[in-house]
Amino acid sequence: MTKAVLGIIGGSGLYDLPGLENVREERIESPWGDPSGAIRFGDIAGLPIVFLPRHDKGHRLSPTDINYRANIDVMKRAGVTDLVSLSACGSYKEELPPGTFVIVDQFVDRTHNRATSFFGTGCVAHVSMAHPVAPRLCMRIAEAADAESIPFVRGGTYVCMEGPQFSTLAESLTYKNLGYSVVGMTNLPEAKLAREAELCYATVAMVTDFDCWHPDHDAVTVQDIIRVLTANAEKAARLVGRLARDFPREHEECPAGSDRALDTAIITAPEARDPALLKKLDAVAGRVLNG
Ligand SMILES: CSC[C@H]1O[C@H](OP(=O)(O)O)[C@H](O)[C@@H]1O
Ligand SMILES: Nc1ncnc2[nH]cnc12
């Protein structure tokens, strides 16, 4: 049995996790470079929690400049089994107004300037992303949101754009017409890397705005987003508190195979593997590489 450790990545407006007890800050080194900042270890109701604000304190890092590989690698090194992203997003649906939490179940990648794999020359791997989030973790988040009377929707597609500029009207209308639910700039690299690192991953996309497609709303501005973010942050803290209190203390096996994703993924023959890359993969892929 593996002890459950809940990782939380805080997005825009979430640079702290109120309710986290016995907090200790630690800088964890990663062979993938610098993570966004120090990791905060603590607990809620006895459940170990590991918190990292992805833009760092003061929102120092842009979506493109975040070192997603280092962030996921340090979460793995910190013992995280289940990782929840709390993120701001724009909405493409009338029925998902600002303040709604969307427990996303699909992603579309529109980024073009991100490192989104730990693998490559010297150790090639292809994990499945057919079902990119961990269903049991999503179910527990939905139960927590329900218990806290937080307006939420289960399921939806998050389109991840490069940014940092917000979408053009043509892009916004295209994504809306394609049936996507929400837009953000950060979650797909994380979902891909979490899968490679065999972490159960879930996204809570917290709607802050209607992007620019909506005829009755002005184009999105950071000032408007910050106003909604403050209210969303209070709900997010309640959500995490409830999730932690009700979370199983032993890690539950993922029905989508998130925690065993590398069992069938590595294709490079043992004799063709690059020792330098294998060394960097110690945390992420140690389970399968070292037997
Ligand atoms: C502050 S609006 C744009 C910014 O907000 C979202 O960040 P995060 O996903 O970290 O909550 C969005 O992806 C952009 O990075
Ligand atoms: N409209 C939007 N587009 C991209 N990222 C966002 N984050 C919050 N609102 C957003």
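We count ligands from 1, going down the list as the structure has it; atoms in each ligand are counted the same way. On a predicted model such as this, the values are computed, not experimentally measured, just so you know.
- Residue Met129 is found outside any hydrophobic cluster, as its side-chain heavy atoms come under 4.5 Å of no other Ile, Leu, Val, Met, Phe, Trp or Tyr.
- In summary, the aromatic rings of Phe107 and Tyr158 are positioned with their centroids under 6.0 Å apart.
- Around ligand 1 you find Gly11, Ser12, Arg54, His55, Pro63, Ser87, Ala88, Phe166, Gly184, Met185, Thr186, Ile225, each with a heavy-atom distance below 4.0 Å.
- Under the 4.5 Å side-chain criterion, counting only non-hydrogen atoms from C-beta, Phe152 is not in contact with Val102.
- Looking at Ser36 and Asp56, their side chains never bring a donor and an acceptor atom within 3.5 Å of each other.
- Among pairs with a residue in residues 195-206, those fulfilling salt bridge (charged side-chain N to carboxylate O under 4.0 Å, His left out) read Glu198-Arg287, at least two apart in sequence or across chains.
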When you look at Val159 and Tyr92, which way does the side-chain contact (heavy atoms from CB on, under 4.5 Å) test go after all the steps? CA-CA 10 Å; Val159 55; Tyr92 289 128; 3.9 Å; yes
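- Listed by chain and residue number, the protein contacts of ligand 2 are Ala88, Cys89, Gly90, Met161, Phe166, Val183, Gly184, Met185, Thr208, Asp209, Asp211, Ile225 (heavy atom within 4.0 angstrom).
- With Phe51 as the aromatic partner, Arg40 does not meet the cation-pi criteria of under 6.0 angstrom to the ring centre and within 45 degrees of the ring axis.
- Here CG of Leu281 is found 9.5 Å from CG of Asp274. Values are rounded to the nearest 0.5 Å.
- One finds no salt bridge joining Asp211 and Lys176 here, because no Lys/Arg side-chain nitrogen approaches an Asp/Glu carboxylate oxygen to under 4.0 Å.
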